[in-house]
Amino acid sequence: MFSLVFSRRYAMAHRLIAGLSEACAIPHGHNETVTVTLRATAPARLDGNANMVEPFERAKSTWHRWIDGHLDHSLHLSGDDPLLDWFAEREPHRLPRILVTPGDPTTEVLAACLMAKLNAFLAADGGRLSCAAIRIEETPTNAVTFEGDPLAALPRVMRGNPWWLRADMSINDLAPVLA
Ligand SMILES: [Zn+2]
């Protein structure tokens with residue numbers, strides 16, 4: 001079976017408040033690389049003409065538009081983080097740049113949310129491809145990988161239609177939905 005694999009870099013900041021690491025409770029940033037593996041949902045023989053699963057440009061266009069325009073330079077916070085209230089009161093215009101996760105915004109939960117988001121984009125584009133694996137390099141030496149169903153890996157705090165299930169440009173459920 002063929003796989004399409006591509007990577008993108010972005011800058012982000014986060015903090016982890018659950019108490020396992022005091023160093024990580026202070027907002028800090030990483031330059032991360034996300035690598036995704038896409039496969040055809042209905043694998044088929046090459047057609048002897050175009051001979052490709054899908055043009056790379058088409059497979060990654062929405063995904064990279066979202067990463068470059070919305071994930072890059074975002075701040076990742078737990079839905080329980082009081083900094084969300086601070087931004088809502090003092091700088092509400094910056095809320096669309098805050099990525100909110102159920103519980104601490106670790107690389108693990110980010111991997112599952114990003115894979116679900118990519119699958120939402122791919123489904124909206126006809127569902128010919130789906131994401132089979134994701135790898136996020138938090139630093140050059142630390143990475144998290146995930147394969148399988150991201151919705152089975154995310155915490156059970158689902159309500160409504162969270163941002164990672166929507167094929168829009170949003171990264172949280174706080175602000176009006178971005179087109
Ligand atoms: Zn960190």
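Atoms within each ligand, like the ligands themselves, are counted from 1 in listed order.
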Just to verify, which of Glu108, Arg135, Glu138 counts as forming a side-chain contact (heavy atoms from CB on, under 4.5 Å) with Val144?
Glu108
Taking all non-hydrogen atoms of both residues, which atom of Thr33 and which atom of Ser7 are closest, and how far apart?
CG2-CB, 3.9 Å
Write down the atom of Leu122, the atom of Ser130, and the distance for their closest heavy-atom approach.
CD1-CA, 3.7 Å
His14: which residues meet the ring pair (Phe, Tyr, Trp, His ring centres under 6.0 Å) condition with it, sequence neighbours left out?
His28, His30
Is the closest side-chain donor-acceptor distance between Ser170 and Arg166 under 3.5 Å?
yes
Any side-chain donor-acceptor pair under 3.5 Å between Arg39 and Ser3?
yes
Keeping waters out of it, list the protein N, O or S atoms under 2.8 Å from the Zn ion (ligand 1).
His14 NE2, His28 NE2, His30 NE2
